[in-house]
Participant: 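Take a look at this one; I'll ask things after.
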Amino acid sequence: MWTGVFPAVTTKFTADDRLDHAEMERCFNLQMEAGCDGIIVCGSLGEGPMLSPDEKIEVLKTAQKVAGKKPVLLTVNEAGTREAASIAKRAAKEGANGLMVVPSPIYHTNAEETVAALRAVAQAGDLPVMIYSNRLAYRVDVTVDQMEELASDKRFVAIKESSDDIRRSTEIINRLGSRYDLFTGVDNLAFEALSVGAIGWVAGLVTAFPRETVAIYQLMKQGRREEALAIYRWFRPLLDLDVSTYLVQNIKLAEVFAINTNDRVRMPRQPLSGERRKAVEKIIKDALAVRPKLPQF
């Protein structure tokens with residue numbers, strides 16, 4: 001069973017656009033020290049589509065070095081199923097604990113194509129799979145009907161639920177019970193999802209604020225709802241930065257102020273500038289000025 005807080009970590013680059021493994025190792029260690037339960041690499045926040053297959057495997061290895069016995073998942077978000085199956089096989093060979101699989105972010109598959117592609121990747125990697133359902137970002141909805149169709153394959157073990165409809169979490173549980181480990185994948189719906197039965201959180205702002213994220217999860221797990229809600233209300237303006245076309249730049253800028261790193265991104269992305277940067281900086285600085293004291297949990 002996968003459960004708890006799994007950071008969707010950012011990928012760090014040097015000034016000349018190479019992978020910065022030393023900085024990734026430092027930043028990933030902050031996640032582990034705060035009590036996160038696993039790591040997911042090369043997702044949307046990790047700029048996976050901008051990385052070569054070799055680079056993805058390199059990032060995977062760096063995360064494995066830091067995570068120890070905790071699970072490390074590689075995101076499979078290739079445009080073609082052939083390429084997705086290939087990276088899944090490589091991830092398995094390198095000892096990945098699982099895959100988070102996104103339907104093709106380029107070709108918008110229909111229901112039959114979505115199920116077939118997910119099955120092909122799972123078969124190729126032969127690893128536990130977290131299905132990433134995000135109809136807003138990728139325009140493909142892995143529906144509850146499709147989840148039920150895939151349930152006969154034991155390699156599909158978890159759902160990252162990012163439909164942006166909190167009702168979907170209850171629909172999954174009502175239809176499928178505990179068949180899948182249910183994770184929320186939308187930062188500013190996390191409290192709500194944990195309230196209705198999600199057992200995990202694939203988190204984004206956790207990369208800048210790991211202790212606050214873990215505190216919310218642990219307090220909810222212990223039934224200390226009001227304490228969790230107080231932190232969550234403070235956190236909400238920051239969590240909203242995850243739900244944006246600029247989520248990568250937003251969160252990397254939050255990392256600049258919160259964990260003293262850089263906000264380098266890979267082109268065509270560029271770091272925030274001008275009025276947009278000023279607005280995001282204000283959100284971050286305002287939150288840091290009133291950062292809450294965390295309770296024991």
Participant: Got S133 and D141 here, is their nearest side-chain heavy-atom distance under 4.5 Å?
Facilitator: yes
Participant: Going from CZ on F191 to CZ on R236, what distance comes out if it is rounded to the nearest 0.5 angstrom?
Facilitator: 12.0 Å
Participant: Scan side-chain atoms only and decide if T3 and Y217 contain a donor-acceptor pair under the 3.5 Å cut-off.
Facilitator: yes
Participant: Start with the C-alpha gap between E55 and R266, add the side-chain angles, then the distance that decides, and say whether salt bridge (Lys or Arg N to Asp or Glu O under 4.0 Å) holds.
Facilitator: CA-CA 13 Å; E55 287 178 319; R266 179 160 281 179; 2.8 Å; yes
Participant: Should L45 and I251 count as side-chain neighbours, where that means a heavy-atom distance under 4.5 Å?
Facilitator: yes
Participant: Do you know the tightest heavy-atom contact between L74 and C42?
Facilitator: CD1-SG, 3.9 Å
Participant: Roughly how far apart are L150 CG and F156 CZ, rounded to 0.5 Å?
Facilitator: 4.5 Å
Participant: Per the salt bridge (charged side-chain N to carboxylate O under 4.0 Å, His left out) rule, which among R269, R277, K12 passes with D263?
Facilitator: R277
Participant: If every non-hydrogen atom of V206 is compared with every non-hydrogen atom of C36, which pair is closest and at what distance?
Facilitator: CG2-SG, 3.9 Å
Participant: Measure from the side-chain N and O atoms of R264 to the backbone N and O of F13, and report whether any donor-acceptor pair falls under 3.5 Å.
Facilitator: yes
Participant: What's the spacing between Y107 OH and T114 OG1 if we round to 0.5 Å?
Facilitator: 9.0 Å
Participant: So with a 6.0 Å cut-off around CG of N260, is the heavy-atom count from everything else above 12?
Facilitator: no
Participant: Would you call M130 and I40 a side-chain contact if the rule is heavy atoms closer than 4.5 Å?
Facilitator: yes
Participant: How about R119 and E149: do any of their side-chain heavy atoms sit closer than 4.5 Å?
Facilitator: yes
Participant: For the residue pair Y232 and E212, confirm or rule out a side-chain donor-acceptor distance under 3.5 Å.
Facilitator: no
Participant: Under the criterion side-chain contact (heavy atoms from CB on, under 4.5 Å), I'd like the reasoning laid out for L205 against T213: C-alpha separation, chi angles, the key distance, then a yes or no.
Facilitator: CA-CA 8 Å; L205 266 297; T213 306; 5.5 Å; no
Participant: Taking the side chain as every heavy atom from C-beta outward, state whether R90 and P53 have any pair of such atoms under 4.5 Å apart.
Facilitator: yes
Participant: Has R224 got a side-chain atom pairing as donor or acceptor with L219's backbone, closer than 3.5 angstrom?
Facilitator: no
Participant: Taking everything shown except Q123 itself, do over 12 heavy atoms lie less than 6.0 Å from its CD?
Facilitator: no
Participant: Where do D145 and R175 land on the salt bridge (Lys or Arg N to Asp or Glu O under 4.0 Å) test, with the steps shown first?
Facilitator: CA-CA 9 Å; D145 286 344; R175 177 84 68 88; 2.9 Å; yes
Participant: Test of understanding: clusters of I, L, V, M, F, W, Y form through side-chain heavy atoms closer than 4.5 Å, transitively. Do L288 and L272 belong to the same one?
Facilitator: yes
Participant: Quick one: are Q249 and P271 in side-chain contact, heavy atoms under 4.5 Å?
Facilitator: no
Participant: Do you know which two heavy atoms are closest between P103 and T109, and how far apart they sit?
Facilitator: CB-OG1, 4.2 Å
Participant: Do I216 and M32 share a hydrophobic cluster, counting only Ile, Leu, Val, Met, Phe, Trp and Tyr and linking them when any side-chain heavy atoms are less than 4.5 Å apart?
Facilitator: no
Participant: Applying a strict under-4.5 Å side-chain criterion to I, L, V, M, F, W and Y, I'd like to know whether L30 and M24 cluster together.
Facilitator: no
Participant: If you count heavy atoms of other groups shown closer than 6.0 angstrom to CZ of R139, is the number above 12?
Facilitator: no
Participant: Can the positive tip of R276 be found less than 6.0 Å from the middle of the six-membered ring of Y246, inside 45° of the ring normal?
Facilitator: yes
Participant: So, the side chain of Q64 versus the backbone of G95: is there a donor-acceptor pair under 3.5 Å, distance only?
Facilitator: yes
Participant: Under a 3.5 Å threshold, yes or no: a donor from one side chain and an acceptor from the other, between D16 and T14?
Facilitator: yes
Participant: For a quick test of reading the model, state the closest non-hydrogen atom pair linking R168 to T143 and the distance between them.
Facilitator: NH1-CA, 4.1 Å
Participant: Using ring centroids (six-membered ring only for Trp), state whether F183 and F6 fall under 6.0 Å.
Facilitator: yes
Participant: If I take atom OG from residue S44 and atom CG from residue N134, how far apart are they, to the nearest 0.5 angstrom?
Facilitator: 7.0 Å
Participant: Just by distance, with hydrogens left out, do T261 and E23 show a side-chain donor and acceptor under 3.5 Å apart?
Facilitator: yes
Participant: Could you check L60 against V72 for side-chain contact (heavy atoms from CB on, under 4.5 Å), going step by step and ending with a plain yes or no?
Facilitator: CA-CA 7 Å; L60 170 68; V72 179; 3.6 Å; yes
Participant: Hey, does the side chain of Y180 reach the backbone of I173 with a donor-acceptor pair shorter than 3.5 angstrom?
Facilitator: no
Participant: When you measure from the side chain of S104 to the backbone N and O of I106, does any donor-acceptor pair fall under 3.5 Å?
Facilitator: yes
Participant: Please check if V59 and M50 belong to a single hydrophobic cluster, counting links between Ile, Leu, Val, Met, Phe, Trp and Tyr side chain heavy atoms closer than 4.5 Å.
Facilitator: no
Participant: When you measure from the side chain of Y132 to the backbone N and O of N77, does any donor-acceptor pair fall under 3.5 Å?
Facilitator: no
Participant: Stepwise, does the side-chain contact (heavy atoms from CB on, under 4.5 Å) test hold for F209 with R291?
Facilitator: CA-CA 10 Å; F209 296 93; R291 196 170 190 172; 3.4 Å; yes
Participant: Tell me yes or no: between the side chains of T10 and E255, is some donor less than 3.5 Å from an acceptor?
Facilitator: yes
Participant: When you check the side-chain N and O atoms of E161 and S163, is any donor under 3.5 Å from an acceptor?
Facilitator: yes
Participant: Looking at K70, I want to see if its NZ is surrounded by more than 12 non-hydrogen atoms of other residues, nucleotides or ligands under 6.0 Å.
Facilitator: yes
Participant: State yes or no: do V102 and V142 share one hydrophobic cluster built from I, L, V, M, F, W and Y residues joined by side-chain heavy-atom distances below 4.5 Å, directly or via other members?
Facilitator: no
Participant: Kindly indicate whether the side chain of I284, heavy atoms from C-beta on, has any atom under 4.5 Å from the side chain of L253.
Facilitator: yes
Participant: Do L238 and D187 come within less than 4.5 Å of each other through their side chains, counting heavy atoms only?
Facilitator: no
Participant: Can any side-chain N or O of E94 pair as donor or acceptor with the backbone N or O of A91 at less than 3.5 Å?
Facilitator: no
Participant: Got a second to check how far L229's CG is from M220's CE, nearest 0.5 Å?
Facilitator: 8.5 Å
Participant: Examine distances only and state if a side-chain atom of N97 and a backbone atom of L73 form a donor-acceptor pair shorter than 3.5 Å.
Facilitator: no
Participant: Return the NZ to CZ distance between K65 and F28, rounded to the nearest 0.5 Å.
Facilitator: 12.0 Å
Participant: Do you know which two heavy atoms are closest between V41 and A63, and how far apart they sit?
Facilitator: CG1-CB, 3.6 Å
Participant: Has the side chain of S244 got a donor or acceptor atom that lies under 3.5 Å from a matching backbone atom of L241?
Facilitator: no
Participant: Go through the steps for E47 and K56 under the test salt bridge (Lys or Arg N to Asp or Glu O under 4.0 Å), then give the verdict.
Facilitator: CA-CA 10 Å; E47 298 174 78; K56 289 186 177 185; over 6 Å; no
Participant: Applying side-chain contact (heavy atoms from CB on, under 4.5 Å), run through C27 and I259 and close with a yes or a no.
Facilitator: CA-CA 8 Å; C27 293; I259 63 171; 3.9 Å; yes
Participant: Step by step, work out the salt bridge (Lys or Arg N to Asp or Glu O under 4.0 Å) result for K61 and E58.
Facilitator: CA-CA 5 Å; K61 289 180 179 179; E58 289 180 36; over 6 Å; no
Participant: In terms of side-chain heavy atoms, does D37 have a donor or acceptor partner in W2 at a distance below 3.5 Å?
Facilitator: no
Participant: What are the two closest non-hydrogen atoms of A8 and V202, and how far apart are they?
Facilitator: CB-CG1, 4.1 Å
